[in-house]
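Naming: A, B, ... by sequence-line order, numbering from 1 per chain.
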Amino acid sequence: MAAVLLSFLVAPIVMIVIVSFWGATEYSIYPAFQFDNYEFLFGSSVTYRVFLNTFKYALITWAFTLVIGFTVAYYLAFEIRSLKWQIALFLLCTIPFWTSNIIRMISWIPFLGRNGLANSTLISWGVIDEPLEWLLFSDFSVILAFVHLYTLFMVVPIFNTMMRIDRALIEAARDQGASAWQSLTHVIIPLCKPGIMIGTIFVTTLVMGDFITVRFMSGSQRANVGRLISNDINLLQYPSASATAVVLLITVLIVIGLLLRLVDIRKEL
Amino acid sequence: MTSVPKIRYSRRSLLKTGGAALAASALPAPMVWGQSIRDITLRQFGTGVSNLNEVATKVKEDLGITLEMTALDTDSVTQRAATQPDSFDIADIEYFVCKKVWPSGNLQAMDASRITNYDKIVGIFRDGKLTPESTIAQGTAPHTVGFVEGPGGTEFVNNESGWMTLIPTIYNADTLGIRPDLIGRPIESWSELLNSEFAGKASILDISSIGIMDMAMVCEAMGEIQYGDKGNMTRDEIDRTIAIFTEAKQNGQFRAFWKTFDESVNLMASGEVVIQSMWSPAITAVRSRGIPCVYQPLREGYRSWGGGIGLSANLSGMELDAAYDYINWYLSGWVGGFLMRQGYYSAVPETSKDFMSENEWGYWFEGKESTDDITSPFGDKLAGAGEVRDGGSFYDRMGAVACWNSVMEENQYMVRKWNEFIAA
């Protein structure tokens with residue numbers, strides 16, 4: 001186990017950190033120990049804007065996936081009584097995952113386009129006269145795709161914790177005269193915290209590390225940190241890509257660190 | 001439905017053939033002189049534009065040489081030519097890449113006296129002039145990186161020294177693509193790309209080295225910037241160019257940026273975009289879906305590019321001879337005809353004439369009205385009778401080149417600014 005972690009996790013990260021201090025020419029990289037890459041990264045206002053944008057995507061996506069994911073999980077866990085149906089419906093949620101997530105994402109493009117299904121339907125209903133431009137190649141379409149792609153990562157852990165809540169607790173709450181809302185906020189949500197936290201970690205890390213969704217759904221017009229890295233790689237600027245990757249890694253670790261302080265997952269599990 | 005017969009390899013047969021292969025590679029028979037050119041395999045790599053399987057099939061048929069093709073994107077092509085000299089025999093690269101690749105010493109100069117059709121190669125690749133009266137465009141014009149002083153030469157020379165870096169294979173003049181049905185008026189200048197009339201319906205390609213040139217064509221056409229050399233901008237020129245486009249981007253001029261060929265086709269075909277930087281086969285692809293699309297000639301001229309094949313420094317003996325045979329075959333006409341019927345140009349157009357019908361030659365090269373349907377080599381109908389090629393004849397189009405794709409001295413600075421533009 002230690003050997004696997006060492007060779008497939010620790011060693012690559014160490015390599016990235018080392019290369020982030022190297023230099024690059026047009027078509028090659030050379031070993032060095034210089035801070036140029038970091039200097040340029042922290043010296044450019046674009047970096048801060050892009051990091052801010054990355055956080056914005058993560059935060060908004062998190063809020064939507066949480067609300068939708070919690071609702072779905074709640075329905076599955078508490079409204080559906082038979083275990084057979086619970087399993088059947090849960091599997092139904094996973095069906096979209098049988099196709100590649102790039103395909104699921106790209107299929108939004110013709111749907112949301114200027115002459116796409118969404119616009120032509122709205123026009124035929126008389127809701128709008130002109131096609132809505134912001135449906136595609138905008139922050140809206142990026143976040144829509146993120147929510148679509150990652151909600152399941154919220155559903156699964158929340159559903160899992162909900163299934164383990166002792167039903168007697170909810171009955172006890174009802175016997176004590178708690179309304180449905182009160183038992184939700186005072187009993188169910190607190191007991192679901194570990195599931196919510198795991199889902200949150202999944203969604204945040206996936207969104208912060210993404211580059212392809214942002215590229216396709218924004219028509220290359222928006223940027224997040226992942227895109228900065230992928231641009232550098234395409235232009236053979238590996239050291240600069242590594243430096244950005246290191247900063248992103250540290251940022252994500254800080255975020256996760258903060259999240260873990262809110263809930264002690266290990267104890268709750 | 002046909003069923004694929006299952007082939008079963010028994011462990012024994014694998015062992016047997018594997019063992020034989022092992023023995024063959026471990027104990028090479030000393031029979032190199034007995035080897036004929038028909039047994040030779042050449043490994044070629046390049047971009048998808050000219051790495052066509054049809055070429056490999058045809059060369060096998062005509063010469064017996066086996067050509068193994070690898071298609072990569074522009075950036076990976078540069079990387080491989082510069083860093084993995086053992087992985088190829090023939091490099092199919094763009095002229096502007098020469099500046100990056102030649103110093104690595106991975107390619108060897110070619111002896112022009114061994115190229116049968118050398119004298120018929122278009123002037124652009126020899127002295128830089130299409131016709132004796134032509135002026136030479138800005139950027140990395142192919143002839144400036146086309147020759148070195150001798151067999152081991154490392155410096156480019158500005159004359160026909162007899163030692164070539166690349167043999168030109170394919171080239172074209174690029175301009176903006178438009179949807180005439182959605183625009184409904186004539187488009188004559190590069191500056192239209194930033195015309196607010198097309199706000200939210202314009203696009204530019206997100207490949208920095210080419211995109212910056214298109215930007216420069218636009219800024220110059222608008223009268224905003226006068227460039228010393230668009231192919232070799234100063235930092236100040238780069239800053240001002242990017243600033244103009246960043247402002248346009250923030251005002252919502254662009255619908256999207258594209259990076260791959262397919263993206264540009266889809267943007268145009270779906271009507272998301274009505275004016276954008278485009279490549280000639282992409283126009284063809286849109287048209288073959290029955291959607292009107294024009295490769296619009298503009299008064300400021302074209303941005304041009306050219307590719308060629310270079311020989312690996314590792315080639316020698318029989319393989320080198322085979323490579324020369326391959327190059328001579330390449331220029332002898334069949335490939336040229338194949339490429340020209342897709343809208344590209346061949347380095348030796350006159351040999352290609354024999355491999356095209358009179359109608360095709362008239363349409364693609366001479367800019368004449370077609371007398372019958374024009375179809376691509378793959379069978380798609382590209383134009384009907386009575387149509388004229390956008391931009392006209394070879395001399396009209398290649399004679400109006402304003403600038404060649406290039407690598408700037410300030411390339412790294414430009415790339416960083418480009419990243420900022422995308423993120424802005």
So with a 6.0 Å cut-off around [atom1] of [X], is the heavy-atom count from everything else above 12?
X: B/Y413; atom1: OH; answer: yes
X: A/W62; atom1: CH2; answer: no
X: B/R185; atom1: CZ; answer: yes
X: A/D129; atom1: CG; answer: no
X: A/F64; atom1: CZ; answer: no

| What part of A/S45 lies closer than 4.5 angstrom to a heavy atom of chain B: side chain, backbone, both or neither? | neither
| What part of A/L136 is in contact with chain B, defined as an atom under 4.5 angstrom from a non-hydrogen atom: side chain, backbone, both or neither? | both
| note | Smallest heavy-atom separation, A/S44 atom then B/E420 atom, equals OG-OE2, 3.7 Å
Keeping [X] on the side-chain end and [Y] on the backbone end, is there a donor-acceptor pair under 3.5 Å?
X: A/R227; Y: B/A423; value: no
X: B/K259; Y: A/S220; value: no
X: A/Q221; Y: B/F254; value: yes

| task | Rounded to the nearest 0.5 Å, what's the gap from CG on B/N419 to CG on A/D232? Could you check? | result | 5.5 Å
| note | When rounded to the nearest 0.5 Å, the distance separating CD of A/Q237 from CZ of B/R416 is 7.0 Å
| Step by step, would you call B/V415 with A/N231 a side chain to side chain contact (heavy atoms under 4.5 Å, CB included)? | CA-CA 9 Å; B/V415 164; A/N231 281 348; over 6 Å; no
| note | Those residues at least two apart in sequence (or on a different chain) that pass side chain to side chain donor-acceptor pair (under 3.5 Å) with A/T213 are A/D210
Is chain A contacted by the side chain of [X], its backbone, both, or neither, given a heavy-atom distance below 4.5 Å?
X: B/L267; result: side chain
X: B/S208; result: side chain
X: B/V97; result: neither

| Can you check side chain to side chain contact (heavy atoms under 4.5 Å, CB included) on A/V46 and B/F421, steps first, answer last? | CA-CA 9 Å; A/V46 171; B/F421 165 67; over 6 Å; no
| task | Show your reasoning for whether side chain to side chain contact (heavy atoms under 4.5 Å, CB included) applies to A/R215 and B/E263. | result | CA-CA 12 Å; A/R215 160 147 141 57; B/E263 284 177 288; 3.1 Å; yes
| field | Residues in residues 110-122 of chain A near chain B [non-hydrogen atoms, under 4.5 Å] | value | A/G113, A/R114, A/N115
